[in-house]
Chemist: 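One structure is given below, represented as structure tokens, and several questions about it will come after.
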Amino acid sequence: MVSRHWLYFGGFVVTGVLLVGVGLVGLLDALSVLSGGATYGEEFLLLAMLGAAAEWVVVGIVLGLLAVAFLTATVVSVLRAKSLPRSDRLASLVERLEREYPILRQFDVSERVEPTTEDRRQQLKEQYVAGEISEAEFEREMQRLLDDDSTEAQSRSNTHTNIEIDK
């Protein structure tokens with residue numbers, strides 16, 4: 001089965017081709033005013049050309065908006081399907097962008113790029129094995145992660161309990 005983002009991209013390509021075709025037909029229609037034999041002043045010539053191609057301009061605007069919608073859907077579909085790297089730096093950057101542009105919050109990217117506790121444990125293990133941190137520092141940081149994890153689990157269970165009570 002074809003994935004959704006390929007369908008969106010196909011829609012973008014088709015509307016783009018149609019947009020180019022409509023633009024060329026509209027241009028030919030506008031240039032047909034010149035072969036009409038009537039003489040116009042410069043301003044009236046431009047208005048006559050625009051009047052002759054008015055329906056093509058409207059169709060072009062509609063196709064352009066449709067192409068933008070398909071392109072946006074393609075980008076959103078690809079971003080939602082792909083796994084993003086997890087890092088604190090990236091998470092802080094995404095959170096800053098979400099604060100500046102609130103519409104981005106609906107995509108929940110900051111939660112997807114924030115490292116999980118398991119990611120942090122793995123990173124600590126790699127630092128310890130590489131000799132970047134001492135055994136005492138490794139144990140201290142691992143204990144802090146365990147404490148943070150248990151506090152987070154307790155918070156989730158309290159939230160779940162409060163939801164059950166509200167029902």
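On a predicted model such as this, the values are computed, not experimentally measured, just so you know.
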Chemist: Using the salt bridge (Lys or Arg N to Asp or Glu O under 4.0 Å) criterion, which residues pair with Arg140? Sequence neighbours excluded.
Modeler: none

Chemist: Could you give the distance from CD (Glu137) to CD (Gln127), rounded to the nearest 0.5 Å?
Modeler: 8.0 Å

Chemist: Of all residues at least two apart in sequence or in a different chain, which pass the salt bridge (Lys or Arg N to Asp or Glu O under 4.0 Å) check with Glu132?
Modeler: none

Chemist: Give the ring-plane orientation class for Phe9 versus Trp6, where under 30° counts as parallel, over 60° as perpendicular and anything between as tilted.
Modeler: perpendicular

Chemist: Could you list the residues that satisfy side-chain contact (heavy atoms from CB on, under 4.5 Å) with Tyr8, not counting sequence neighbours?
Modeler: Arg4, Phe70, Ala73, Thr74, Ser77

Chemist: Can you list the residues that meet the salt bridge (Lys or Arg N to Asp or Glu O under 4.0 Å) rule with Asp119, with sequence neighbours excluded?
Modeler: Arg86

Chemist: Check for me, please, whether Phe12 and Val20 land in the same ILVMFWY cluster - side-chain distances under 4.5 Å, paths through other members count.
Modeler: no

Chemist: With the 4.5 Å side-chain cut-off for hydrophobic clustering, are Leu31 and Trp56 part of the same group?
Modeler: no

Chemist: Taking side chain to side chain donor-acceptor pair (under 3.5 Å) as the test, write out the residues that go with Gln143, two or more places apart.
Modeler: Asp147

Chemist: If you round to the nearest 0.5 Å, how far is CE of Met49 from CG of Leu34?
Modeler: 5.0 Å

Chemist: Measure the CZ-CZ distance between Arg120 and Arg144 for me, rounded to the nearest 0.5 Å.
Modeler: 7.5 Å

Chemist: Going by side-chain contact (heavy atoms from CB on, under 4.5 Å), name the residues that satisfy it together with Glu126, two or more places apart in sequence or in a different chain.
Modeler: Gln122

Chemist: If you apply the rule side-chain contact (heavy atoms from CB on, under 4.5 Å), what do you find for Glu98 with Ile103, and how did you get there?
Modeler: CA-CA 7 Å; Glu98 286 177 344; Ile103 195 164; over 6 Å; no

Chemist: Decide yes or no on side-chain contact (heavy atoms from CB on, under 4.5 Å) for Leu19 and Val59, but give the supporting numbers first.
Modeler: CA-CA 8 Å; Leu19 183 61; Val59 171; over 6 Å; no

Chemist: Walk me through whether Leu145 and Arg121 qualify under side-chain contact (heavy atoms from CB on, under 4.5 Å).
Modeler: CA-CA 8 Å; Leu145 283 175; Arg121 285 182 192 151; 3.9 Å; yes

Chemist: Hey, what do you get for CD (Gln123) to CD1 (Ile133), rounding to the nearest 0.5 Å?
Modeler: 9.0 Å

Chemist: Passes side-chain contact (heavy atoms from CB on, under 4.5 Å), Tyr128 versus Leu124? Steps please.
Modeler: CA-CA 6 Å; Tyr128 177 66; Leu124 270 176; over 6 Å; no

Chemist: Verify the cluster assignment for Val14 and Leu71: are they in a single hydrophobic cluster under the rule of side-chain heavy atoms below 4.5 Å apart?
Modeler: no

Chemist: Please find the pair of heavy atoms, one from Gly26 and one from Ala53, that lie closest to each other, and give the distance.
Modeler: O-CB, 3.5 Å

Chemist: Would you say Phe44 and Leu50 are hydrophobically clustered, going by side-chain heavy atoms of ILVMFWY under 4.5 Å?
Modeler: no

Chemist: Do other residues, nucleotides or ligands put more than 12 heavy atoms under 6.0 Å from Phe138 CZ?
Modeler: yes

Chemist: May I ask you to test the Glu55-Asp29 pair for a side-chain heavy-atom distance under 4.5 Å?
Modeler: yes

Chemist: Following the transitive rule for hydrophobic clusters with a side-chain heavy-atom cut-off under 4.5 Å over Ile, Leu, Val, Met, Phe, Trp and Tyr, establish whether Val33 and Leu47 coincide in one cluster.
Modeler: no

